[in-house]
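Here is the structure we will look at, set down as structure tokens.
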2 protein chains.
Amino acid sequence: MTTDVKPSSRERLLEAAATLTYREGVNIGIEALCKAAGVSKRSMYQLFAGKDELLAASLERRASAYVAGLLPAADDGRAARDRIAHVFERVTSQSADPEFRGCPYLSAEIELKDPDHPASRVARQVKADLTSFFRAEAEQGGAGDPDFLARQLTLVFDGASARAGIGAEHLDGFLAPTVAILLDAAGVR
Amino acid sequence: MTTDVKPSSRERLLEAAATLTYREGVNIGIEALCKAAGVSKRSMYQLFAGKDELLAASLERRASAYVAGLLPAADDGRAARDRIAHVFERVTSQSADPEFRGCPYLSAEIELKDPDHPASRVARQVKADLTSFFRAEAEQGGAGDPDFLARQLTLVFDGASARAGIGAEHLDGFLAPTVAILLDAAGVR
DNA sequence: AGTGATGTACACCGATCGGTTTTCTTTTTT
DNA sequence: AAAAAAGAAAACCGATCGGTGTACATCACT
């Protein structure tokens, strides 16, 4: 048996923090996090320096899975335009889940309101990575101004997840054609 | 003298609530709000049923001023396209203020995470009003699908204010051309 | 001057916050 | 089996949360 039946305390804490802060917001209490993780507060404070660091670590841990769930495979042979569209198809399908509350990294930055908070730094980096992906694909796709297009796509990504996350917009059949307009205008074929 | 030297307790509370929740988030304490307003807690609880209602009332009070600061004059004789662009010029110039933290109504909805919260209802209505404005102008401007365009513009509005609000994007020279692309694609001349 | 309303100041309520300490039990190591 | 390390449970810390109760000052209206 190579798979543990029960993840480590550290992993359970990170998982609980990711789940609960996403659902309830970053103001969720330490007590609730530890209870959900089945870990004592004492142990939590031996594993993490404090709430801020736990929060940052939980966002960071999720980052690779989050980005992986959004981005297409590194080289799937598809055209840049399709690879960009893939990201927006993913967020569209994610938004169909009633538990969807928008991009956790955007929410964290908005809720924290402190760019120096460790979790804000992690969130910023995740967004920067997404923009970098867009920029690379835009370049690959022959966009007239790849940087400009990448920023537009990130803006649309955040706007779409924010609005879908608060239940104000329904992305299916809406987001893809909107993105297509920007890709067309940028000369990505 | 028709102007009071000192606004009423109610007005000072609404003002303080608007300012502090925008700067610090909706989790700001009642104590801090009352202290900033120079009003006792006792008086606050005679004027408002509780924190939720104070918060909702403060968002509502700001709503007309917020929308008025964004929208062009009711009939300024300009073309629909210019009237739509006006809104994005306004948010662009607002975002230059270092105190800018994005649209307070979007932030409130994201932070509260409860669509039934009185303040969420107010915020939702403000956004619906903005979308209505876009839709009316889109129709006036001859958009092929006015509703579709209005939703796109609201999405861009929220994405732009969110990203500018967390300091991730700088709207000047970026937002206007992005909106222009959508207007062009929708056939608004 | 007397009276009631309004409002401030402040102690107080139970609950919870982030964080620490102590005690006891479980697990691991030897 | 004995010893040692780890962790869970829970009390506890001071501070703050939303909200109340009480006492005292200020005001307008007769």
Side-chain angles (χ1 to χ4, degrees), chain A residues 1-59 108 111-114 116-120 122, chain B residues 1-2 4-59 108 111-114 116-122:
Chain A
M1 252 219 259
T2 59
T3 60
D4 287 25
V5 280
K6 191 175 185 182
S8 71
S9 294
R10 182 185 169 85
E11 280 166 8
R12 276 178 289 142
L13 274 168
L14 292 173
E15 187 64 29
T19 302
L20 288 183
T21 59
Y22 184 56
R23 187 193 308 151
E24 315 275 349
V26 297
N27 279 287
I28 183 77
I30 283 279
E31 208 111 36
L33 292 181
C34 290
K35 175 156 291 190
V39 173
S40 71
K41 282 212 287 181
R42 189 73 178 79
S43 303
M44 188 253 126
Y45 278 104
Q46 278 171 226
L47 291 166
F48 300 95
K51 189 192 181 184
D52 294 355
E53 281 67 29
L54 169 58
L55 190 49
S58 99
L59 287 188
E111 289 172 38
L112 291 171
K113 291 185 198 303
D114 173 12
D116 293 330
H117 191 294
S120 289
V122 174
Chain B
M1 258 221 255
T2 58
D4 287 23
V5 279
K6 191 175 183 181
S8 71
S9 294
R10 182 184 169 85
E11 281 166 8
R12 274 178 292 141
L13 274 168
L14 292 173
E15 186 64 28
T19 303
L20 287 183
T21 59
Y22 184 57
R23 187 194 308 152
E24 313 276 348
V26 298
N27 279 288
I28 183 78
I30 284 278
E31 208 111 34
L33 291 182
C34 289
K35 175 156 290 190
V39 174
S40 70
K41 275 206 304 182
R42 207 75 191 80
S43 304
M44 188 254 126
Y45 278 104
Q46 280 169 230
L47 291 166
F48 299 95
K51 189 191 180 184
D52 293 355
E53 282 67 30
L54 169 59
L55 190 49
S58 99
L59 286 189
E111 289 173 37
L112 292 171
K113 293 185 197 303
D114 173 12
D116 294 329
H117 191 293
S120 290
R121 297 182 195 276
V122 174

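Only heavy atoms go into these numbers, but all of them, side chains included; no hydrogens, no water, no symmetry mates. These numbers were taken from a predicted model, which means no experiment stands behind them.
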Next on the checklist: Nearest to the A:K51 side chain among C:dG18, D:dT20, D:dG21, which nucleotide is it?
Outcome noted: C:dG18

Next on the checklist: From NZ of B:K35 over to P of C:dG7, roughly how many Å is that when rounded to an integer?
Outcome noted: 20 Å

Checklist entry - Could you state the CD-C1' distance from A:Q46 to D:dA5, rounded to the nearest angstrom? => result 11 Å

Checklist entry - Any chance the side chains of A:Q46 and A:R42 put a donor and an acceptor closer than 3.5 Å? => result yes

Item to check | Heavy-atom pair of closest approach, residues A:D114 and A:S120 | outcome: O-OG, 2.7 Å

Checklist entry - To the nearest angstrom, how far is A:L13 atom CG from D:dA8 atom P? => result 9 Å

Next on the checklist: I want to verify a distance call: between C:dG19, D:dA8, C:dG7, whose nearest atom is closest to the B:S43 side chain?
Outcome noted: C:dG7

Checklist entry - So which heavy atom on A:A17 is nearest to which on A:L33, and how close? => result CA-CD2, 3.7 Å

Checklist entry - Among C:dA9, D:dA11, D:dA9, which is the nearest nucleotide to the side chain of B:R42? => result C:dA9

Checklist outcome for this item: Taken to the nearest whole Å, NZ/A:K41 to P/D:dC13 is 13 Å

Checklist entry - Can you check the A:M44 CE to C:dG18 P distance for me, whole Å? => result 10 Å

Checklist entry - So, for A:A119 and A:L55, which heavy atoms are closest and what is the spacing to 0.1 Å? => result CB-CG, 4.0 Å

Next on the checklist: Measure CG/A:L55 against P/C:dC17 and give the value in whole Å, please.
Outcome noted: 15 Å

Checklist outcome for this item: In short, A:T21 meets B:K113 closest at the heavy-atom pair O-CE, 4.3 Å

Next on the checklist: Using every non-hydrogen atom in the two residues, find where A:C34 and A:M44 come nearest and quote the distance to one decimal.
Outcome noted: SG-CB, 3.7 Å

Next on the checklist: Under 4.0 Å, heavy atom to any atom of DNA chain D: which of residues 21-32 of chain A qualify?
Outcome noted: none

Checklist outcome for this item: In whole angstroms, the gap separating P of C:dG7 from CZ of B:R10 amounts to 12 Å

Item to check | Separation of atom CD in B:E53 from atom P in D:dG19, rounded to whole Å | outcome: 8 Å

Checklist entry - Below 4.0 angstrom from OP1 or OP2 of C:dA9, is there any side-chain N or O of B:S40? => result no

Output side-chain donor-acceptor pairs under 3.5 Å for residues 23-31 of chain A, partner residues at least two apart or in another chain, one line each.
none

